[in-house]
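What follows is a set of notes on a single structure, which appears directly below.
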Amino acid sequence: MAFYINTGAVKVPLEDNLGRIIGHAVYVPTDFGILERYKAAAHYLDDIQQEFAKIKPEEVSAENAFELMQTPKNLLKEFCSAVFGKDFYEEAFAQLNPFTFAGDDRFACVQIIESVLNDIKERQAKRAEKQDKYLAGYTNE
């Protein structure tokens, strides 16, 4: 048996600069807990930076690049699972390494996570605006 709960989850396509779908961001935009979990899981981001700091450019080769990226990728997967939920990482990075440099010289994962967080903040602001407008007619007398 399962209980059906309409959480309002969205599955937003991630497109590259050529308009090709390279993954999906799946999350619940009304989940206020995402911002709290982001703060609680921020240590993963610090750990990723520390892992990259350990890598010396002269030690990187075509043969070991994949191996060197494994720990940062695992940490990012833990971060994404803790913040957005299970399978976010797999959906978002199905066809793109999360540490690919994007057009603005930031990692693709940074752009995706920032885009999701901005979407959540915008949706929450719109919802608060609607709520304020609805409640404006009521007074507490």
- Message: Taking salt bridge (charged side-chain N to carboxylate O under 4.0 Å, His left out) as the definition, give me every residue that meets it alongside D46, ordered by chain and number, with sequence neighbours left out.
- Response: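 Checked D46 against salt bridge (charged side-chain N to carboxylate O under 4.0 Å, His left out); zero matches.
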
- Could I get the full list of salt bridge (charged side-chain N to carboxylate O under 4.0 Å, His left out) partners for D16, not counting sequence neighbours?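 With neighbours one apart ignored, the set is R20.
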
Could you see if [X] belongs to whatever hydrophobic cluster contains [Y]? Use Ile, Leu, Val, Met, Phe, Trp, Tyr and a side-chain cutoff under 4.5 Å.
X: I21; Y: L96; value: no
X: L117; Y: V28; value: no
X: I113; Y: F101; value: yes

In Å and rounded to the nearest 0.5 Å, what is the [atom1] to [atom2] distance from [X] to [Y]?
X: C80; Y: K86; atom1: SG; atom2: NZ; value: 14.0 Å
X: H24; Y: E15; atom1: NE2; atom2: CD; value: 9.5 Å
X: D104; Y: Q111; atom1: CG; atom2: CD; value: 4.0 Å
X: Y44; Y: N74; atom1: OH; atom2: CG; value: 11.0 Å
X: Q124; Y: D31; atom1: CD; atom2: CG; value: 8.5 Å
X: Y27; Y: I34; atom1: OH; atom2: CD1; value: 8.0 Å

Non-hydrogen atoms of [X] and [Y] that approach each other most closely:
X: S61; Y: N64; answer: N-OD1, 2.7 Å
X: G8; Y: N6; answer: N-OD1, 3.1 Å
X: I120; Y: P29; answer: CG2-O, 3.6 Å

- Near E67 CD, under 6.0 Å, is it more than 12 heavy atoms from other residues, nucleotides or ligands?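 No.
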
- Would one find more than 12 heavy atoms of other residues, nucleotides or ligands at under 6.0 Å from atom CD of E90?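 Yes - once you tally the heavy atoms of other residues, nucleotides and ligands closer than 6.0 Å, there are more than 12.
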
- Test salt bridge (Lys or Arg N to Asp or Glu O under 4.0 Å) applied to E51 and K54, step by step: CA-CA 5 Å; E51 285 300 317; K54 292 178 188 176; 3.0 Å; yes

- Message: For Y38 together with F79, are the ring centres under 6.0 Å from each other?
- Response: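 Aromatic pair counts; centres sit under 6.0 Å.
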
- Under the 3.5 angstrom rule, does the side chain of N118 hit a backbone N or O of E114 as a donor-acceptor pair?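 The answer is yes, because a donor-acceptor pair under 3.5 Å joins these two groups.
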
Side-chain heavy atoms of [X] within contact of [Y], under 4.5 Å:
X: L14; Y: I112; result: yes
X: L75; Y: E78; result: no
X: F84; Y: V26; result: no

- Query: Are side-chain N/O atoms of T100 and N97 paired as donor and acceptor at under 3.5 Å?
  - Reply: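 Their side chains do not contain a donor-acceptor pair, so the 3.5 Å distance test is not met.
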
- Remaining members of M1's ILVMFWY cluster at a side-chain heavy-atom cut-off under 4.5 Å?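 Noted: M1 shares its cluster with F3.
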
- Query: K77 pairs by side-chain contact (heavy atoms from CB on, under 4.5 Å) with which of Y89, F88, F93?
  - Reply: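 Filter result, single survivor: Y89.
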
